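Only one structure is covered here, and it is reproduced in the block below.
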Amino acid sequence: QKEVEQDPGPLSVPEGAIVSLNCTYSNSAFQYFMWYRQYSRKGPELLMYTYSSGNKEDGRFTAQVDKSSKYISLFIRDSQPSDSATYLCAMSGLNDYKLSFGAGTTVTVRA
Amino acid sequence: NAGVMQNPRHLVRRRGQEARLRCSPMKGHSHVYWYRQLPEEGLKFMVYLQKENIIDESGMPKERFSAEFPKEGPSILRIQQVVRGDSAAYFCASSPEGQGGQPQHFGDGTRLSIL
């Protein structure tokens, strides 16, 4: 079993739809949770960063963490074609510096 | 550009040659991490360095791979006697501090192709 599992997708949604992305994990020591966006042939770009359980909102993006279920989510509201990318979840422990990544979900937003 | 700079962006080597990948961290960042990304897989941690020190190289293959972050200049990931299986995208990230939970900022990677 992988330490971080991410829905493989790919996802294709019409412009304006809500995109829902998820990851599950097995390591209960994870405390920090991140979402990165990666465009083709580019590096991962940090989108959202949360600590422990709860919700965090930033513009059209909402990140949720449910540590009791070992489940994290990213929601993108009013999706745009420019949101078409691969989304990677990543996490680390309290005293850890290495990030554990999901395999990524490729999202296409159709105009 | 104050972001993480990696070069070259693309590198082609023949089997048995050496590959040297360079990474300059963001301004003000003294902690550097290298990750490898294979097709259809997430990024895998390789090594964590501070200036002149390797802190954790638990993700590095035991042979042929080495990394350094000298007092002056960029961090270098060196792969000796490359094989086809080394073909991947190699990403460097940096952070201002090294303790747990520090957000890491990534460069655009070096895509290594082995002929």
Side-chain angles (χ1 to χ4, degrees), chain A residues 1-10 21-27 29-53 56 58 63 65 67 72 85-106, chain B residues 1 3-10 21 23-26 29-50 53-60 88-113:
Chain A
Q1 182 188 11
K2 292 181 181 179
E3 196 170 39
V4 181
E5 299 275 3
Q6 184 170 0
D7 284 355
L21 303 166
N22 310 289
C23 287
T24 59
Y25 61 96
S26 57
N27 188 345
F30 287 149
Q31 298 278 351
Y32 297 97
F33 304 91
M34 287 143 268
W35 286 94
Y36 285 85
R37 177 175 62 195
Q38 186 176 22
Y39 291 114
S40 180
R41 314 304 270 179
K42 303 288 279 185
E45 171 193 3
L46 183 63
L47 268 183
M48 299 290 282
Y49 172 81
T50 55
Y51 169 69
S52 196
S53 287
K56 183 175 182 179
D58 184 1
V65 176
K67 289 187 64 182
I72 68 171
T86 297
Y87 290 82
L88 303 163
C89 63
M91 45 201 80
S92 70
L94 191 61
N95 297 309
D96 206 0
Y97 39 74
K98 62 181 85 169
L99 298 180
S100 295
F101 280 86
T105 302
T106 299
Chain B
N1 185 346
V4 178
M5 301 301 294
Q6 289 188 249
N7 68 81
R9 291 294 310 277
H10 303 275
L21 288 61
C23 169
S24 295
M26 284 182 71
H29 289 191
S30 58
H31 300 258
V32 166
Y33 316 82
W34 286 92
Y35 292 80
R36 177 164 62 177
Q37 186 176 40
L38 295 170
E40 309 304 322
E41 294 187 23
L43 284 79
K44 304 294 185 188
F45 170 81
M46 299 181 73
V47 61
Y48 162 42
L49 310 103
Q50 296 176 26
N53 286 301
I54 297 174
I55 307 301
D56 181 353
E57 56 182 348
S58 60
M60 292 266 277
Y90 292 82
F91 290 95
C92 170
S94 72
S95 66
E97 302 290 339
Q99 63 263 32
Q102 282 288 313
Q104 295 178 15
H105 299 271
F106 285 80
D108 282 338
T110 293
R111 280 153 184 82
L112 176 64
S113 297

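Values in this document were obtained by computation on a predicted structure and should not be read as measured data. Labels below follow one simple rule: chain letters A, B, ... track the order of the sequence lines, proteins then strands, and each chain is numbered from 1.
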Checklist entry - Is chain B contacted by the side chain of A:Phe30, its backbone, both, or neither, given a heavy-atom distance below 4.5 Å? => result neither

Next on the checklist: Tell me every residue that passes side-chain hydrogen bond (donor to acceptor under 3.5 Å, both in side chains) with B:Tyr48, counting only those two or more places apart in sequence or in another chain.
Outcome noted: B:His31, B:Gln50

Checklist entry - Picking from A:Met91, A:Lys2, A:Arg41, A:Gln31, which has the most non-hydrogen pairs under 4.5 angstrom with chain B? => result A:Arg41

Checklist entry - Under a 4.5 Å heavy-atom cut-off, does chain A meet the side chain of B:Gln6, its backbone, both or neither? => result neither

Next on the checklist: Among B:Cys92, B:Ser24, B:Ser95, which residue satisfies the side chain to side chain contact (heavy atoms under 4.5 Å, CB included) criterion with B:Val32?
Outcome noted: B:Cys92

Item to check | Contacts of B:Thr110 that satisfy side-chain hydrogen bond (donor to acceptor under 3.5 Å, both in side chains) - sequence neighbours left out | outcome: none

Checklist entry - Are the side chains of A:Tyr25 and A:Gln6 in touch, meaning some heavy atoms are under 4.5 Å apart? => result no

Next on the checklist: With a 4.5 angstrom heavy-atom cut-off, is it the side chain or the backbone of B:Ser58 that approaches chain A, or both, or neither?
Outcome noted: side chain

Item to check | Under 3.5 Å donor-acceptor, A:Lys56 side chain and A:Tyr49 backbone | outcome: yes

Next on the checklist: With a 4.5 angstrom heavy-atom cut-off, is it the side chain or the backbone of A:Leu46 that approaches chain B, or both, or neither?
Outcome noted: side chain

Item to check | Region of A:Glu45 in contact with chain B, defined by heavy-atom distances below 4.5 Å | outcome: neither

